[in-house]
Amino acid sequence: MKVLGIETSCDDTGIAIYDLSKGLLINELYSQKKIHANYGGIIPELASREHTRKIIVLLDKIFKKKNIMKEIDLIAYTAGPGLVGSLLVGATFACSLAFSLNIPVLPVNHMEAHLLSPMLEYKSIEFPFIALLVSGKHTQIIAAYKLGKYEILGNSLDDAAGEAFDKISKMLELKYPNGRELSNLAAKGIKNHFYFPRPMIHHSNLNFSFSGLKTFTSKVIKNSVLNMQQKANIARAFEDAVIDILLIKTKKALSQKGWNRLVIAGGVSANTLLRKRSQDMMKKCFNGKVFYSQLQFCTDNGAMIAYLGLLRCNEARTSSLEILVKPKWSIDSLSQILI
Ligand SMILES: Nc1ncnc2c1ncn2[C@@H]1O[C@H](COP(=O)(O)OP(=O)(O)OP(=O)(O)O)[C@@H](O)[C@H]1O
Ligand SMILES: [Mg+2]
């Protein structure tokens with residue numbers, strides 16, 4: 001069985017094909033980052049326009065590499081959460097293509113796709129586990145009981161971790177968007193040159209807040225002589241604070257549940273220090289293991305959508321003219337996956 005996955009929730013157009021027996025056959029991505037960099041943030045109207053321009057180009061590229069259009073059994077697409085215009089492009093395209101090929105189509109949840117993306121490599125991550133979902137718009141701690149059965153234990157009350165990384169990197173005049181640039185710069189910073197606050201770590205709940213940390217960091221930036229070393233010191237203090245906050249809350253969740261498996265997923269899971277420190281924590285405190293994806297599958301991609309499509313293939317509907325998107329679609333409202 002072959003599933004074509006289409007991802008257009010934000011500013012990345014991703015298309016991939018996942019095969020039940022052979023695994024990932026192809027994975028193509030077109031990133032719009034350079035376009036939005038000119039504006040210092042994502043412009044929704046431009047994002048949907050770019051998806052429209054690039055989605056057919058990508059599909060052509062794929063089927064030129066592998067002539068297997070007729071072998072596709074199912075098309076899965078991101079129906080939400082995300083930007084409505086961007087979602088509509090992927091959804092319309094997926095439903096039209098499925099209709100013309102006379103194959104079923106399946107709307108899938110972007111956050112579940114992120115959460116399960118480490119399974120692209122580790123097929124058998126055992127349930128239950130705690131998932132730390134850290135992306136551009138989400139910071140959530142999730143109890144994953146079974147495939148499809150998730151409970152949100154903690155949520156960001158304001159900015160997402162990735163969003164905070166992006167805003168601070170902009171204040172430090174790094175290229176947009178850039179968690180990764182900020183993290184590379186932080187690696188050159190002097191540890192403990194600054195100490196930034198860690199909001200909400202003493203609260204008994206598992207929620208997060210990053211806006212106070214962001215304001216604190218912006219004040220330090222304004223009051224500093226910004227040579228490269230000082231920028232690196234600020235980046236380091238900011239990154240240390242974010243990772244401390246994420247891991248303190250994650251540790252609480254693992255202890256509360258008495259579990260020793262952790263999945264970190266979403267764009268921020270590409271962060272080298274977060275990966276290393278979560279690995280150390282799992283080994284030292286829980287005699288357990290952390291799972292995360294290859295870097296290319298941490299941020300948005302079609303592979304995770306195709307893979308989730310395969311897992312949920314029993315829910316696919318034969319192609320109709322209905323085009324479904326859900327810009328707000330919480331992961332805890334999903335149905336259990338019956339395989
Ligand atoms: N190495 C890194 N360190 C920290 N943050 C990073 C790193 N690499 C990427 N990011 C952040 O990951 C985010 C992008 O992740 P992702 O593509 O999962 O988000 P999104 O799709 O925009 O949001 P969502 O999935 O919540 O809808 C950006 O905010 C980016 O700064
Ligand atoms: Mg995403």
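All of these numbers come straight from a predicted model, not from anything done at the bench. Each ligand, and each atom within it, is numbered from 1 in the order the structure gives.
When only interatomic distances are considered, the shortest N/O to N/O separation between Asn178 and ligand 1 does not fall below 3.5 Å. The N/O atoms of Gly267, backbone and side chain alike, include one that comes under 3.5 Å of an N/O atom in ligand 1. Considering backbone and side-chain atoms together, Asn271 places an N or O closer than 3.5 Å to an N or O of ligand 1. Not one N or O of Asp12 is nearer than 3.5 Å to an N or O of ligand 1, by distance alone. Residue Asp166 places at least one N or O, backbone or side chain, under 3.5 Å from an N or O of ligand 1. Residue His110 has at least one nitrogen or oxygen atom sitting less than 3.5 Å from a nitrogen or oxygen atom of ligand 1, judged on distance alone. Taking any N or O of Pro81, backbone or side chain, none lies under 3.5 Å from an N or O belonging to ligand 1. The shortest N or O to N or O distance between Gly266 and ligand 1 is not under 3.5 Å. For ligand 1, none of its N or O atoms has an N or O atom of Ser183 under 3.5 Å away.
Backbone or side-chain N, O or S atoms of Cys10 do not reach the Mg ion (ligand 2) at under 2.8 Å. At a cut-off of 2.8 Å, His110 is counted among the residues with an N, O or S atom near the Mg ion (ligand 2).
Placement of Val242 and Met200 in two distinct hydrophobic clusters is found when ILVMFWY residues are connected by side-chain heavy-atom separations under 4.5 Å, directly or transitively.
Within the 4.0 Å heavy-atom cutoff, Met111 counts among the residues contacting ligand 1. Ligand 1 is approached by Ala270 to a heavy-atom distance shorter than 4.0 Å.
Comparing heavy-atom distances from atom 19 (O) of ligand 1 across Ser169, Ala186, Gly136, Gly179 singles out Gly136 as nearest. When Lys167, Lys137, Glu181 are ranked by how near their heavy atoms come to atom 20 (P) of ligand 1, first place goes to Lys137.
Using modelled atom types, one finds a donor on one side chain and an acceptor on the other under 3.5 Å when comparing Tyr30 with Glu50. Between the side chains of Ser293 and Ser117, at least one donor N or O lies within less than 3.5 Å of an accepting N or O. Remark: the Asp300 side chain and the His114 side chain contain an N/O donor-acceptor pair separated by less than 3.5 Å. No side-chain donor from either of Glu126 and Ser124 sits under 3.5 Å from a side-chain acceptor of the other. Side-chain atoms of Asn233 and Gln230 include a donor-acceptor pair closer than 3.5 Å. If you check the side chains of Ser209 and Asp158, you find a donor sitting under 3.5 Å from an acceptor.
Listed by number with element, the atoms of ligand 1 under 4.0 Å from a non-hydrogen atom of His114 are 18 (O), 25 (O). Per-residue contacts place Gly162 under 4.0 angstrom from the following atoms of ligand 1 (heavy atoms of the residue considered): 29 (O), 31 (O).
Relative orientation of the Phe194 and Phe196 rings is tilted, given thresholds of 30° and 60° on the angle between their planes.
Residue pairs meeting the ring pair (Phe, Tyr, Trp, His ring centres under 6.0 Å) criterion with at least one partner in residues 38-94, sequence neighbours excluded, are absent.
Within a 6.0 Å radius of NZ in Lys2, more than 12 heavy atoms belonging to other residues, nucleotides or ligands are found.
Per residue Asp300, closest N, O or S atom to the Mg ion (ligand 2): atom name OD1.
Aromatic pair Phe127/Trp259: centroids not less than 6.0 angstrom apart.
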